Student: 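Dropping the structure in here first, questions after.
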Number of protein chains: 2
Amino acid sequence: MGKHAECCDEQCIHQELVSKVLTDLPDEDTLYDLAELFKVFGDSTRVRILFALFESELCVCDLSEALAMTQSAISHQLQLLRTNKLVKSRREGKQVYYSLADEHVVTIIAQGLNHILE
Amino acid sequence: MGKHAECCDEQCIHQELVSKVLTDLPDEDTLYDLAELFKVFGDSTRVRILFALFESELCVCDLSEALAMTQSAISHQLQLLRTNKLVKSRREGKQVYYSLADEHVVTIIAQGLNHILE
DNA sequence: TTTACATATGAGCATTTGTTCATTTGTTTG
DNA sequence: CAAACAAATGAACAAATGCTCATATGTAAA
């Protein structure tokens with residue numbers, strides 16, 4: 001005990017509280033996955049892509065045009081969004097259409113907006 | 001038009017959709033702030049700190065002990081959390097107690113959990 | 001006022017991240 | 001089949017990030 005908290009004399013540590021925190025903390029995997037999920041929302045390019053998809057499904061080219069970014073940049077970000085199950089894709093001929101994977105995406109972004117708009 | 005979408009021949013672009021997306025996209029500042037907010041949640045150390053504060057307010061030393069990290073590392077992250085108004089602090093003697101700034105924090109994390117737990 | 005303790009902070013460094021560029025893959029049309 | 005187009009992908013590189021270490025600041029007790 002006190003292994004990492006050599007910063008202070010342990011007399012300032014509230015042991016009961018710390019113990020409770022330790023038992024109630026989600027497991028490492030959950031914490032990691034949760035952080036990874038939010039990391040995906042933590043980039044304005046990806047947020048803009050998601051907002052764009054609020055309207056309707058769009059192909060890579062549409063997104064590229066709407067966000068004024070290269071096809072490659074958009075495509076890379078779409079892969080990341082897809083890996084994290086925030087968007088899904090559907091191929092139709094030469095084009096691939098992307099859309100939101102589920103309603104969680106909308107809810108999470110709405111909560112975020114709530115916070116920054118105070 | 002088509003400035004950045006040299007990837008494709010514009011014949012694949014759905015102009016009406018793209019136009020609608022452009023008018024409905026939030027302004028740059030909002031998008032940036034939103035991404036910045038989620039970026040804060042996008043790190044497992046910070047997520048762990050927030051989870052710990054679900055229990056009760058804790059001093060830096062408690063957090064350092066609970067998360068098994070140095071006081072400096074915790075302190076740096078707390079500053080970031082404070083700057084983004086996710087936690088607030090209260091000094092009591094030599095110690096500084098941190099707690100969640102508001103309920104949005106809980107709601108946002110809950111939504112994130114919902115998503116990863118499918 | 002000196003000493004000790006709790007926290008904050010700046011600089012440095014290794015790692016991660018987002019974009020670009022070049023190329024490849026998949027699909028349709030001639 | 002070859003040619004053209006839409007999208008995906010790997011490598012490279014600059015920028016951002018999170019931690020460590022050393023030190024500074026703020027507070028209380030001796």
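Below, read A as the first sequence line, B as the second, and so on, with proteins coming before strands; counting in each chain starts at 1. Just so it is clear, the structure is predicted and the values come from calculations on it, not from any experiment. The figures that follow rest on heavy atoms only: side chains count, while hydrogens, waters and symmetry mates do not.
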Student: Ignoring hydrogens, what is the shortest heavy-atom contact between A:Leu80 and A:Arg46? Give both atom names and the distance.
Tutor: CD1-NH1, 3.6 Å
Student: Figure out the NZ/C1' separation between A:Lys88 and D:dA7, and round it to whole Å.
Tutor: 20 Å
Student: Find the distance A:Leu63:CG to C:dT19:P and express it as a whole number of Å.
Tutor: 13 Å
Student: If only side-chain N and O atoms of A:Gln79 are considered, is one of them under 4.0 Å from the OP1 or OP2 phosphate oxygen of D:dA7?
Tutor: no
Student: Is B:Ser72 side chain donor-acceptor paired with the C:dT9 base, going by distance under 3.5 Å alone?
Tutor: yes
Student: Within this structure, what is the OH-to-P distance between B:Tyr97 and C:dT7, rounded to whole angstrom?
Tutor: 8 Å
Student: Taking only side-chain nitrogens and oxygens of A:Thr45, does any of them come within less than 4.0 Å of OP1 or OP2 of C:dT19?
Tutor: yes
Student: B:His76 stacking on C:dT9: centroids under 5.5 Å, ring planes under 30°?
Tutor: yes
Student: For a 4.5 angstrom cut-off between non-hydrogen side-chain atoms, does B:Lys88 reach B:Ser99?
Tutor: yes
Student: Is the shortest side-chain N/O distance from A:Tyr98 to OP1 or OP2 of D:dA6 below 4.0 Å?
Tutor: no
Student: Considering only side-chain heavy atoms of A:Gln77, which listed nucleotide, C:dA8, C:dT20, C:dG18, is closest?
Tutor: C:dG18
Student: Provide, to the nearest angstrom, the distance between the CD1 atom belonging to B:Ile74 and the C1' atom belonging to C:dA6.
Tutor: 14 Å
Student: Does OP1 or OP2 of D:dA7 have a side-chain N or O of A:Gln71 closer than 4.0 Å?
Tutor: no
Student: Give a yes or no on whether a salt bridge exists between A:Glu28 and B:Arg48, defined as a side-chain N under 4.0 angstrom from a carboxylate O.
Tutor: yes
Student: Atom CG of B:Leu80 to atom P of D:dA16: distance rounded to whole Å?
Tutor: 14 Å
Student: What's A:Arg46 touching, base or sugar-phosphate or nothing? Going by heavy atoms closer than 4.0 Å.
Tutor: sugar-phosphate
Student: Specify whether B:Tyr97 and A:His14 have parallel, tilted or perpendicular ring planes, treating 30° as the upper limit for parallel and 60° as the lower limit for perpendicular.
Tutor: perpendicular
Student: Counting only side-chain heavy atoms from C-beta out, which of C:dG26, D:dC19, C:dT20 sits nearest to A:Arg91?
Tutor: C:dG26
Student: In whole angstrom, what separates A:Asp43's CG from C:dT16's P?
Tutor: 18 Å
Student: D:dT20, OP1 or OP2 - any side-chain N/O from B:Thr70 closer than 4.0 Å?
Tutor: yes
Student: Which of these nucleotides, D:dC19, C:dT7, D:dT27, is closest to any side-chain atom of B:Lys94?
Tutor: D:dT27
Student: Report yes if the side chains of A:Thr83 and A:Val40 come closer than 4.5 Å at any heavy-atom pair, otherwise no.
Tutor: no
Student: For D:dA6, does either OP1 or OP2 sit under 4.0 Å from a side-chain N or O belonging to A:Ser75?
Tutor: no
Student: Would you kindly give the CD-to-C1' distance between A:Gln95 and D:dA8, to the nearest whole Å?
Tutor: 15 Å
Student: Whole Å only: how far is the CG atom of A:Leu67 from the C1' atom of C:dG18?
Tutor: 14 Å
